[in-house]
Structure formats: C-alpha cells, structure tokens
Amino acid sequence: MEIDLTKLNQPQREAVTCTEGPLLVLAGAGSGKTRVLTTRIAYLIAEKSVAPYHILALTFTNKAAKEMKERVQKLTGEDAGVWLFTFHGFCARLLSMEIDALGYDKRFSIYDEDDQQSLIGHIIKDLNLNDKVFSKRTLAGIFSDAKNHSLRPEEFLRQSYQPRQVLEAFSLYQKRLKEANALDFDDLLLKTIELFEKRPDVLAKYRDHFRYILVDEYQDTNMAQYHIVSLLAREHRNLCVVGDDDQSIYGWRGADIRNILEFEKDFPGARVVRLEQNYRSTDKILEAANRVIENNRGRKDKRLWTEKTDGFPITVYEGRTEREEAVYICDRILNGRRMGSRYDSFAILYRTHAQSRILEMILQSYSIPYKVYGGTSFFNRSEVKDVLSYLRLLSNPNDDVAFTRIINVPRRGIGNVAMDELRAEAQQRELSLFAVVLDPQTLSLRTRAKFAPFAHIMEAAFEDYGKKTFSVFAADLLKRIGYDAYLKEDKKENYEVRSENVKELLGYMSEFESSFDDPDGDLLQSFLSTVALFMNADNVDEQNGCVNLMTLHAAKGLEFDTVFLCGMEDGLFPSAQSKFDPEKLEEERRLCYVGVTRAQEKLFLTYAGSRMLYGQFTASQPSQFLREMGDAIRMPGGSSREQAAQKAAPVESFHAQTPPVHTGPQVFMGTKPATPKTVDKVLDWKDGDRVRHAIFGEGVIENVEGKGPSQIIRVRFKNGVEKRLTALYAPLTRLE
C-alpha cells in the first residue's frame with residue numbers, strides 16, 4: 001500500500017517523511033496538523049514497515065483521539081492497532097496492566113471530580129477543619145494544582161508555603177485513595193512516572209515497545225506529561241511533537257510553554273518544520289491574528305498566510321452597554337439566518353462565564369436557540385452516575401466513594417448515626433465500608449439491620465455477574481433495587497428524561513459489550529475506565545441548529561463560519577490581573593489569537609462603552625488588542641453609537657428544527673467499536689435467522705424486539721453464548 005502525499009504542501013510532506021530522530025512541527029492555527037499526524041502514522045506503517053504496535057500517539061481530548069483513529073483507519077484500510085490515546089487514557093491502559101508493581105490491585109477505580117470532593121469532604125470532617133476556609137472545592141483545586149506543577153506534589157505544597165492543615169489533608173487524601181485502591185486523574189500520570197522510576201525493567205519494556213512516538217498539542221503538556229514522553233523517547237529518540245506556542249493558553253492548569261519553546265534544547269539535533277499555510281480563515285482574519293500575536297516576545301517566529309483572499313472585512317462594533325452589544329449580535333445572527341446560514345454556524349466567544357448571562361437573556365428574547373458549552377454532559381447526569389457507582393462498587397469493593405453515593409439511593413433510611421458507626425468500625429478494622437457491611441458482626445444489631453438489605457442485593461449481584469449479558473445484568477440490578485420507582489418519587493427533575501437517560505446507558509452497555517474484543521480483558525473494568533475518562537474529558541455537545549456560546553478557552557480546536565468575539569475591553573480582555581504581569585499578558589494575547597483564528601469567513605469584534613459585570617457598573621475602554629491589530633481592522637466611527645442605540649424591535653423568528661437529544665458519544669478504550677450501519681442498510685432481522693458475528697461466530701436469532709434500526713435482537717451462538725444486541729451497531733451478517 002502506498003500513501004498519497006500529493007495532497008500535502010511541501011512543509012507538510014517534510015513533516016510526514018522525516019521519520020527518524022526528534023522532530024518539532026510548529027503548526028499554526030488551521031494549518032492541517034491532524035492531517036500531518038495521521039498521514040505520518042500511515043506512512044510509518046505503509047512505507048517504513050513499522051509494526052503498528054510500535055507506534056504511540058498521544059493527544060489531549062477524546063474527540064481528537066477518535067478523529068485521528070478514524071483517519072488512520074481510512075488511510076490504512078484497517079484498524080491499524082496503533083496505541084492512540086489521550087495522555088490519561090494511555091496511562092489508565094498501561095496501569096491496568098502494570099500497577100500491581102506499585103502495590104495496587106489492577107481493578108482500581110478512577111475518581112472523577114465528584115468522587116474526589118466526596119472523599120475530601122470526609123477528610124475535612126475527620127480533621128475538624130473549618131469548611132469555610134478549607135472547602136472541598138478549594139482543597140481539590142490546591143491538590144490538583146500541586147500535581148500538575150510538580151512530580152512531587154507534597155514538596156510543591158511545602159515550598160509554596162501552604163498551611164499545615166492543607167499538608168495534613170493532602171497526606172490523608174493520598175492515604176485514603178490508596179486504601180480505596182483508587183486514583184484521581186492527576187494520579188494516572190504521576191503513578192505512571194512512579195512506575196517507570198521504581199521499575200526500570202518496566203520502563204525498558206515500554207521503551208522497546210514504543211519506538212515511534214507522536215504528541216499532539218505539545219504546547220499544552222504539563223510537567224508530568226513532558227516527563228512521561230521524555231522517559232519513553234530517550235532511547236530511540238524518534239519523537240515527533242506537533243504544536244503551536246501561539247496557542248498555549250492553559251498555563252493556569254499546569255501547561256508549560258517552555259516544553260515546546262525548549263524542545264531543541266531537550267532533544268539536541270532536532271529538526272524543525274513550520275506549517276504556516278492556513279486552510280481555515282480568510283486573509284483579513286489572518287492579518288488581524290498575525291498583528292496581535294507578533295507583540296509576544298516568548299514565541300517561535302512564524303506568520304500565517306492563506307490562498308483565501310478577498311475575505312469579508314472584519315466588523316468592529318461598539319455598544320453603549322453590554323445589552324446593546326448583545327442585541328447587535330442577535331440582529332447579525334438573524335440577518336445571517338435570513339440569508340440561509342444555520343444557527344450552528346455562529347459562535348459567540350467571551351473571556352469569562354459571567355458574560356454569558358446577558359447574552360442568554362437576549363438570545364431567549366429573540367427566540368434564537370443556543371447551546372452553552374459546559375452544560376451537564378450525559379455521563380455527569382446524577383441518574384447515570386448512580387448506576388455507574390453500583391457498577392464501580394462491584395468492580396472495586398474498596399471504593400468508599402461509590403459506596404457512600406449509593407447507600408441511600410434509593411432511600412434506605414440510613415442516617416448519619418449508622419454511617420458514623422460504620423466508618424468508625426471500618427477504620428478500626430482497616431477495611432472498606434462495604435467490606436464491613438458484608439461482614440457486620442462488630443456492628444450493633446440496629447445498624448446491622450439497616451445495612452442488611454443493601455448487603456443482600458449486592459451479594460446477589462456478585463452472584464449474577466457473568467451469567468447474563470452486561471446490559472441485562474445491569475437492568476436486573478436496577479429492578480432489584482427499585483431504581484425506576486425511586487426516579488418517579490424523586491422531585492429533582494423530570495422523570496421521563498431521567499428514565500430515558502438510564503435506558504440509553506443500558507443501550508450503551510450493550511453496544512460496548514458487543515464490540516469488546518479483548519478475550520483476556522475485564523469487560524466491567526474496561527467499561528468503567530472508558531466512561532471515567534470520558535466524564536473528565538472536554539466534550540462539545542454538537543447539536544445541529546443551535547448558536548454556540550463558549551469561553552475562549554473552550555473554543556480552542558473548534559472552527560465556525562462566523563465568530564463574535566465580544567467584551568473586547570481593557571480590564572476584561574485582557575484581564576485586569578494581566579496588566580502588570582508580562583507572562584500573563586502574553587497568555588491573554590495568545591487567547592485572543594486563538595479566538596480570532598476560530599473564524600472561517602466572518603469575524604465580529606464587539607465591546608461596550610460601559611458594562612455591568614460581577615454586580616458593578618463600570619466605564620470601559622477598547623481592548624489594547626484592538627489597537628494592536630492596527631489597520632487590519634477599522635474602529636467604529638461616530639455613527640456607531642447611533643446604530644448601537646437601535647431598540648430591540650420585534651423581528652421575525654426563525655426556529656431551527658428541534659435538535660436530537662444528545663446522549664453521549666460512543667467512547668471506547670482498548671476495544672474496537674462496531675462500525676455503525678446507515679439506516680437504509682440495516683437488515684430487518686427475524687426470529688430464526690442464521691447469522692455470523694465478528695467475535696462470537698455463528699448463531700441463531702431467538703427473539704426480535706422492534707423494527708429497523710431500533711431493533712434489539714437476542715442471539716444464541718453455537719459456542720453457547722447468548723447475546724442481546726442493538727441492530728444498528730451489531731457486527732452481524734446474515735447466513736443463507
């Protein structure tokens with residue numbers, strides 16, 4: 001198989017074919033870096049005869065990893081077998097095979113933000129800390145910050161002069177995590193480094209395994225991620241990092257721009273390739289972006305250019321207030337809608353979440369559908385997390401956080417007195433809470449009686465697991481605990497929506513099981529790891545027909561036909577905190593560069609002469625970034641205030657079709673997802689049909705529910721296995 005390089009420009013071809021030794025690819029915004037990365041992987045396999053399993057590719061989001069996998073598969077014609085993960089996904093996969101070398105059981109839990117805060121809440125209580133000073137959220141932020149900025153977080157906390165109480169809480173937090181056989185997300189990285197440092201044989205094994213390493217968005221790596229890459233790449237030195245220092249905007253969460261700026265120093269003899277041709281934006285948009293970013297001193301020299309000339313002029317608008325600014329944006333969106341644009345081709349970007357309030361109010365008054373990025377995602381819904389917590393406790397009986405979440409879901413009348421007695425016994429016997437419930441002899445008779453029903457339910461679940469399909473097992477467990485009745489009684493939210501979310505989760509379990517192709521793997525552990533990684537991931541809810549509202553940080557990696565960059569005022573953007581800090585100001589400038597380069601065709605830069613924000617009304621001055629753009633833009637003249645004063649007169653509303661309910665994308669880790677069939681190709685299965693499954697072999701359909709793509713089919717295979725599959729995703733072929 002030969003890889004076609006003719007569609008690449010000269011620097012892109014150089015980045016693909018320079019396969020040996022360290023390589024830094026400086027990829028400007030919209031310059032085709034994903035194409036370069038995926039083509040490079042395919043080129044290594046097809047032209048250099050590198051075994052796919054010798055290639056490791058790391059990125060930052062599940063969305064990027066999924067897109068790269070699909071592109072590599074398209075280029076190579078098959079599922080190449082490359083290790084292509086997010087950093088956290090890679091570490092979770094590696095630790096699931098090797099963490100016993102650090103004294104953990106391989107069936108460890110991964111704690112998300114809620115789990116973490118639940119554990120910290122108990123620590124605050126046990127240490128008698130003032131929760132007004134040391135809140136759960138505050139301590140969680142301090143712990144994560146220490147882990148992101150240092151390989152030795154406890155030392156980092158000491159050196160940053162944290163109070164004694166914080167050090168005690170952190171020490172107990174790490175101890176409780178170990179006792180629960182659990183890791184938080186930051187620990188996934190740090191435990192991988194600890195493993196490599198304590199076990200040179202394990203490091204040598206994976207150095208030999210991964211002979212070619214590729215890293216996407218290298219400018220966003222923190223100290224731990226940099227260290228993992230450095231440890232793995234030191235021997236073969238075939239390391240290709242792709243990134244853009246001008247888009248390094250995550251310093252506040254540990255990303256270190258020095259990793260990309262000093263790559264040539266870290267890897268002597270490294271080759272540098274610059275990708276400067278932009279395929280996204282027009283010449284006028286790029287000119288404004290170049291004018292802003294060239295004011296930064298700490299950057300690699302490059303200048304974006306494009307063949308998309310004669311683009312629309314950039315529009316700068318000044319409103320008297322933030323309300324007039326929002327009205328203007330809505331008028332422009334409706335005008336674009338009249339001209340045939342879809343609502344989802346528009347994005348409104350802002351520096352702070354607080355700016356969205358007035359935008360949402362005005363959008364609603366105009367009946368413009370919108371989606372605020374950062375809303376509750378599917379796997380973070382309370383009902384979904386309840387089900388997952390039951391499964392987590394089955395997978396890892398030491399998981400005290402999962403136990404605490406579900407012990408009263410549904411309500412079992414277990415109060416603080418009973419829980420305090422249970423915790424005291426667990427600490428006294430050095431056991432998990434669940435272990436004491438299963439062996440309650442030391443508990444009082446009254447407390448024992450309260451926990452007994454839960455113990456019986458879970459013991460029955462342990463007995464049932466493995467005898468039924470994954471989704472049927474979970475559905476039976478929910479029936480046993482009466483979860484549906486609990487949702488009907490609970491006044492938290494609409495019952496129908498929550499019930500549908502539970503059903504969708506069960507459907508996802510069925511799809512996951514049908515695609516699980518690791519005969520030696522643990523299905524439940526793999527499923528829980530996949531979901532946990534997804535829950536922590538960035539995830540844009542890509543619904544059709546909604547205007548996109550998001551912060552500038554959230555917009556990175558996305559692109560839209562028309563972008564409104566609002567709140568372009570000194571003190572807001574750039575922020576007041578960056579005024580006297582050159583490093584912070586440069587990061588703010590990179591953030592502006594990112595926002596400008598999200599626009600493909602049209603860019604609107606808006607600001608208000610005065611603004612109510614955080615409860616205060618203040619006069620504003622245009623952002624210095626507007627001044628830095630110079631004659632790439634035209635500042636509004638005197639007439640702009642008259643235009644700004646237009647009243648929000650009634651306008652014709654254009655309603656997009658109701659978007660489909662977003663139920664969470666399919667995310668797989670270490671498994672090969674079944675390829676969804678298009679609806680017109682779905683077979684209309686019938687009882688008695690003979691079929692072949694890609695994994696389970698030949699079988700006979702015993703029962704069919706529904707028709708077309710919504711069919712659920714039960715198949716008994718020749719090997720005795722019985723599976724309940726979703727027709728739309730099941731990899732089945734009909735036998736004559």
Side-chain angles (χ1 to χ4, degrees), residues 378-379 381 383-395 402 406 409 457-458 460-484 486-487 497-519 521-532 534-535 661 663-677 682 685 691 693-696 699 701-717 719-732:
F378 178 78
F379 286 110
R381 297 299 300 265
E383 60 275 11
V384 174
K385 294 194 74 170
D386 288 343
V387 179
L388 293 175
S389 292
Y390 271 96
L391 297 177
R392 276 174 41 185
L393 194 60
L394 289 168
S395 176
I406 61 176
V409 177
I457 287 171
M458 298 305 287
F462 277 117
E463 221 174 278
D464 277 356
Y465 182 67
K467 296 179 181 178
K468 306 172 182 177
T469 62
F470 190 26
S471 59
V472 170
F473 161 77
D476 287 350
L477 173 60
L478 293 179
K479 287 178 185 175
R480 194 178 290 128
I481 66 175
Y483 192 73
D484 191 65
Y486 162 74
L487 289 182
V497 172
R498 300 181 74 194
S499 176
E500 286 171 5
N501 286 335
V502 173
K503 291 174 184 174
E504 180 60 29
L505 178 63
L506 295 174
Y508 176 56
M509 290 179 189
S510 177
E511 295 167 9
F512 190 93
E513 183 176 31
S514 69
S515 65
F516 188 71
D517 59 0
D518 185 359
D522 185 324
L523 171 64
L524 180 55
Q525 170 69 8
S526 181
F527 175 79
L528 291 172
S529 292
T530 298
V531 171
F534 176 82
M535 288 161 70
V661 175
T663 53
Q666 299 173 51
V667 183
F668 296 84
M669 185 186 74
T671 62
K672 177 182 176 183
T675 303
K677 303 175 179 66
V682 173
W685 301 109
V691 297
H693 188 279
I695 299 171
F696 305 113
I701 294 179
E702 294 199 334
N703 184 53
V704 177
E705 302 172 20
K707 289 186 176 296
S710 62
Q711 282 187 330
I712 303 296
I713 54 180
R714 191 175 78 245
V715 185
R716 181 174 294 280
F717 295 96
N719 59 8
V721 173
E722 184 178 300
K723 292 286 181 183
R724 192 166 178 267
L725 307 171
T726 305
L728 184 61
Y729 297 101
L732 291 173

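- Between Y508 and T530 the shortest heavy-atom distance is OH-CG2, 3.9 Å.
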(request) Check the pair Y486, I481 against side-chain contact (heavy atoms from CB on, under 4.5 Å), reporting the backbone distance first and the verdict last. (result) CA-CA 9 Å; Y486 162 74; I481 66 175; over 6 Å; no
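- Using a cut-off of 4.0 Å between Lys/Arg side-chain N and Asp/Glu carboxylate O, D464 and K468 are scored as salt-bridged.
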(request) Check the pair V387, V384 against side-chain contact (heavy atoms from CB on, under 4.5 Å), reporting the backbone distance first and the verdict last. (result) CA-CA 5 Å; V387 179; V384 174; 6.0 Å; no
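- Between the CG atom in N703 and the CZ atom in R716 there is a gap of 12.0 Å [rounded to 0.5 Å].
- V502 is listed as a side-chain neighbour of Y483, based on a closest heavy-atom distance under 4.5 Å.
- The distance from the CG atom of L388 to the OG atom of S395 is 11.5 Å, given to the nearest 0.5 Å.
- Atoms CZ and CD, on R714 and E702 in that order, are 5.0 Å from each other to the nearest 0.5 Å.
- With ring centers used as reference points, F473 lies 6.0 Å or more from F470.
- Atom CG in L524 sits 8.5 Å away from atom CE in M509 (nearest 0.5 Å).
- Of all heavy-atom pairs between A402 and S389, the closest is CB-O, 3.6 Å.
- Considering CG of D484 and NZ of K503, their distance stands at 7.5 Å, rounded to 0.5 Å.
- Side chains of L523 and F512 form a contact here, defined as non-hydrogen atoms less than 4.5 Å apart.
- Atoms CD1 and CD1, on I701 and I713 in that order, are 4.5 Å from each other to the nearest 0.5 Å.
- For F527 and F516, the distance between ring centers is not under 6.0 angstrom.
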